[in-house]
Amino acid sequence: MKQATNQLLILIGLVVASFSGAAWLAPQGEAVAASEGQGSLLTLLFGEGRKVVGSYFLRQADVTFHSGYYPTIFDGAQEPTDRRYMTSTEGSPEDEQHDREMDNFFKEPPRWDLIARFGRHFMITEHTHLKEENQREILPWLKLSAELDPQNVQTYTVGAYFLRAHLHKPEQAEKFLRQGLRANPNSYEILYELGRLNLENLKNPFRARNLLGKALKCWDQEEGQKPEKERNLYTKEEIITHLALSEKEAGDIPKAIEYFEMAKKLSPNPQAIQNWIDELKHGMR
Amino acid sequence: METILETKNLRVEYRPQGRGQPKKLAVRDLNLKVEAGEVFGFLGPNGAGKTTTMNVLLGFVNATSGAAYLFGVDVRQPIARQRIGYLPELTYYYKFLTAEELLRFYARIFGMSRAQADERIEELLKLVELDSARKRPIKTYSKGMQQRVGLAQALINDPDLLILDEPTSGLDPLGRMKVREIIQRLKNEGKTVFFSSHELGEVETVCDRVAIIHQGELKVEGRVDDLVETHQGNLEKIFLSIVGYEGRSAVAAASVTS
Amino acid sequence: MTTILAIAGLVIKELYRRKDFYVLLVMTVVITAVSWLMNFFGENNIVRLLKSICLMLIWISALVIAVVTTARQIPAERESRTIFPLLAKPVTRRQVLMGKFLGCWLACGIALVVFYLFFGIVTATREHLAVTELIKGFWLQWVMLAIVIGLALLGSIVFAAPSSNSTICFVVVGGILFLGGHLGQVAMHLTEPGRTIVYAVYFLIPHLEWYNQREALVNDRALAAWSYCALATAYAAVYVAALLQATWLVFRRKTLNV
């Protein structure tokens with residue numbers, strides 16, 4: 001009888017300890033979740049490993065973009081980490097470099113390696129990109145990647161590019177970029193994409209001007225600290241060019257010319273910019 | 001008379017369990033002969049070599065030397081088991097099957113046609129009194145019912161020789177009586193039954209002949225009546241004296257008295 | 001052959017009477033249905049993510065069914081002692097293994113048909129269904145499962161516990177699927193003797209990654225031509241035969257008592 005009473009007391013003690021522990025831990029857990037600003041199911045599922053899974057999802061977006069043709073860490077070419085080619089136009093330098101890398105990552109196996117030679121028939125060996133009507137297929141991966149790794153700026157810029165340029169959903173693109181901006185308030189890449197979206201798709205040059213102006217400031221803050229050679233001058237030139245175009249659309253031609261002059265110094269093709277400047281000057285006369 | 005089961009100088013040695021340990025001799029030059037229509041009791045204490053002998057007869061274990069035959073066919077050939085039925089001790093049959101399905105499975109193994117199987121299953125389920133439970137999964141059966149379904153599977157091919165390993169082990173008195181009745185019935189049908197048991201009273205009532213094995217060696221073999229007459233005691237007394245327990249118990253009793 | 005088919009039939013019956021398959025099917029259906037309802041950026045016609053999730057679940061489920069079902073076959077027979085009445089019939093150990101292998105493979109085939117039908121329906125709701133490619137994908141996966149089943153069957157004889165066998169099988173199969181095809185490239189960058197060892201492993205392991213056509217099915221790519229599928233089938237048949245032979249060599253002398 002005494003033994004049974006003891007066991008009952010132990011059981012009650014354990015239950016009380018469990019509840020006390022839970023009551024103590026719950027608010028702490030909630031505080032951590034709130035401080036991280038992530039309460040989604042995916043975050044809960046993947047915990048601290050979410051950044052890794054987020055990168056994997058971004059990679060999956062790229063794999064889908066190539067319809068399964070993609071190098072692994074074992075293939076000759078390194079897996080691309082910079083996915084700027086996804087947003088580049090056909091025939092651009094990024095696109096051509098990407099084609100060169102991707103077309104040849106499958107090295108021909110030696111003649112005696114029959115396993116690898118035969119295995120080729122079961123692999124995707126043709127480098128293609130999704131056709132415009134199928135490009136929506138990469139969106140879920142980008143959305144999931146953003147959920148899990150909100151600090152990865154590329155996810156938002158790539159996603160917004162496809163939404164705006166190929167799927168004709170500028171409102172969705174803006175929403176996605178704003179989500180990215182909340183997680184990365186000083187990202188010049190996101191601000192640039194937002195500015196471009198306002199300029200080209202939402203036809204709001206005044207807002208575009210503000211956003212691109214902030215993008216330029218953020219670029220200076222972030223890239224200005226880096227050594228000269230490591231600075232992302234390509235994006236700076238793009239920001240300034242679009243800033244010039246925004247000013248032009250807003251009707252401030254002298255300011256537009258001023259920005260074009262700045263862009264000319266950074267451009268690999270200054271003559272094209274000079275033509276724009278000439279055109280603007282001609283219009284002023 | 002036809003010899004149904006025969007062992008000739010059967011010897012079984014098991015590999016040593018550990019390094020430096022000797023081989024374990026399970027059966028030593030065993031010679032047995034069971035004739036058609038006999039009920040033969042194979043007796044011995046635990047670890048005497050009964051199960052090993054049965055395992056050789058059923059092809060589960062290979063003999064180290066000597067030979068064993070069923071119906072004159074070497075037991076190493078699967079065909080030797082075409083005309084036998086075997087009831088192992090404590091077997092839990094496929095619990096996801098019903099009794100009917102289990103019997104149909106074994107009937108298929110014997111290549112029986114559907115009509116033949118249907119007829120035989122019907123007959124057997126009635127014999128082991130499982131007719132009403134035929135559609136129930138075996139997992140819902142009591143121990144006695146499981147043993148009876150085991151007996152039914154052993155009889156599916158209408159065997160000429162039935163090998164039963166402790167057929168009444170773990171059964172209640174009613175279950176034992178039922179199994180005994182079935183053995184008696186098979187005997188009346190002219191079947192040969194070879195079975196091991198610890199229930200010596202049961203062996204005495206059912207068996208025509210018995211063999212007692214101890215430490216792998218055949219100690220005694222003969223008709224039950226003859227043995228009782230020669231040794232002037234019942235089978236239990238004979239068994240105890242052969243395994244050397246009677247002497248020890250007498251010494252123990254004497255020491256208690258003094 | 002009747003014996004092998006009878007044993008195979010038993011395995012199939014076990015699969016559809018147990019809950020494993022239904023649980024995995026329901027899990028696949030529910031997760032796919034949730035993915036089907038998901039809306040990304042107002043796009044409600046996304047198909048590749050849906051196919052990717054559905055196929056991944058099918059692959060996991062099929063592997064689980066194959067390994068877990070196979071791993072428990074022989075240990076369960078030994079544990080419940082049903083192996084004894086089975087081998088006491090005119091059944092050889094080779095037939096038991098063949099029956100178990102065939103049963104597990106056919107059971108997985110049936111499960112895969114159900115899974116692929118579901119996948120086909122899911123795909124057809126959103127895009128044109130390439131039936132031939134789907135059949136090729138199904139066939140290659142089923143052929144690969146034959147090797148996995150062979151591996152798990154060998155493991156079930158070598159390792160005592162089904163759980164340890166299952167774990168080892170999952171690790172080996174996963175390892176081959178993810179790394180098997182790249183071992184040649186890895187070996188090239190190594191120095192001796194590591195190089196020879198890795199090459200030996202590379203040429204010795206069954207290249208299961210060939211049979212994984214998920215990426216092609218998801219991305220609407222053409223799968224390998226039928227002639228290559230036939231060669232891959234022959235390659236798998238060689239490995240299955242070798243694995244079954246190895247399993248038999250171990251099993252034929254195995255003590256059956258647990």
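Both backbone and side-chain heavy atoms feed into the values below; hydrogens, waters and symmetry mates do not. Every chain is numbered from 1, with letters handed out A, B, ... down the list of sequences. Remember, it's a predicted structure, so these values are computed and weren't measured experimentally.
Between B:Phe96 and C:Leu15 the shortest side-chain heavy-atom distance does not fall below 4.5 Å. Within the 4.5 Å cutoff, the side chain of C:Glu14 has no heavy atoms near those of the B:Lys95 side chain. By the 4.5 Å heavy-atom criterion applied to side chains, C:Pro85 and B:Tyr93 are counted as neighbours. A 4.5 Å side-chain heavy-atom check between C:Val91 and B:Tyr106 finds every atom pair outside the cut-off. Residues B:Phe60 and C:Ile83 have side chains not in contact (no heavy-atom distance under 4.5 Å, counting atoms from C-beta outward). Here the side chains of C:Thr92 and B:Pro78 are in contact, with some heavy-atom distance below 4.5 Å.
A salt bridge links C:Arg17 with B:Glu101: the closest approach of a Lys/Arg side-chain nitrogen to an acidic carboxylate oxygen falls below 4.0 angstrom.
For chain C, the nearby parts of B:Leu97 are the backbone and the side chain; heavy atoms of each come within less than 4.5 Å. When heavy atoms are compared at a cutoff of 4.5 Å, B:Asn62 approaches chain C solely by way of its side chain, counted from C-beta outward. Looking at C:Ile7, the atoms closer than 4.5 Å to chain B (heavy atoms on both sides) sit in the backbone and in the side chain alike.
Surrounding NZ of B:Lys187 are more than 12 heavy atoms belonging to other residues, nucleotides or ligands, all under 6.0 Å away. The neighbour count for B:Arg76 CZ, taken as heavy atoms of other residues, nucleotides or ligands under 6.0 Å away, does not exceed 12.
A centroid separation of 6.0 Å or more is found between the aromatic rings of C:Phe84 and B:Tyr86.
In this structure, OH on B:Tyr94 lies 12.5 Å from NZ on C:Lys13, to the nearest 0.5 angstrom.
When the candidates C:Thr3, C:Leu5, C:Thr2 are compared by the number of heavy-atom contacts under 4.5 Å with chain B, C:Leu5 comes out ahead. For the set C:Arg93, C:Glu77, C:Arg253, the count of heavy-atom pairs under 4.5 angstrom toward chain B peaks at C:Glu77. Counting heavy-atom pairs closer than 4.5 Å to chain C, the top residue among B:Pro159, B:Ala80, B:Gly150, B:Pro88 is B:Pro88.
For the pair B:Arg81 (side chain) and C:Leu87 (backbone), a donor-acceptor distance under 3.5 Å is present.
Cation-pi geometry between C:Lys89 and B:Phe110 is not met at under 6.0 angstrom from the ring centre and within 45 degrees of the axis.
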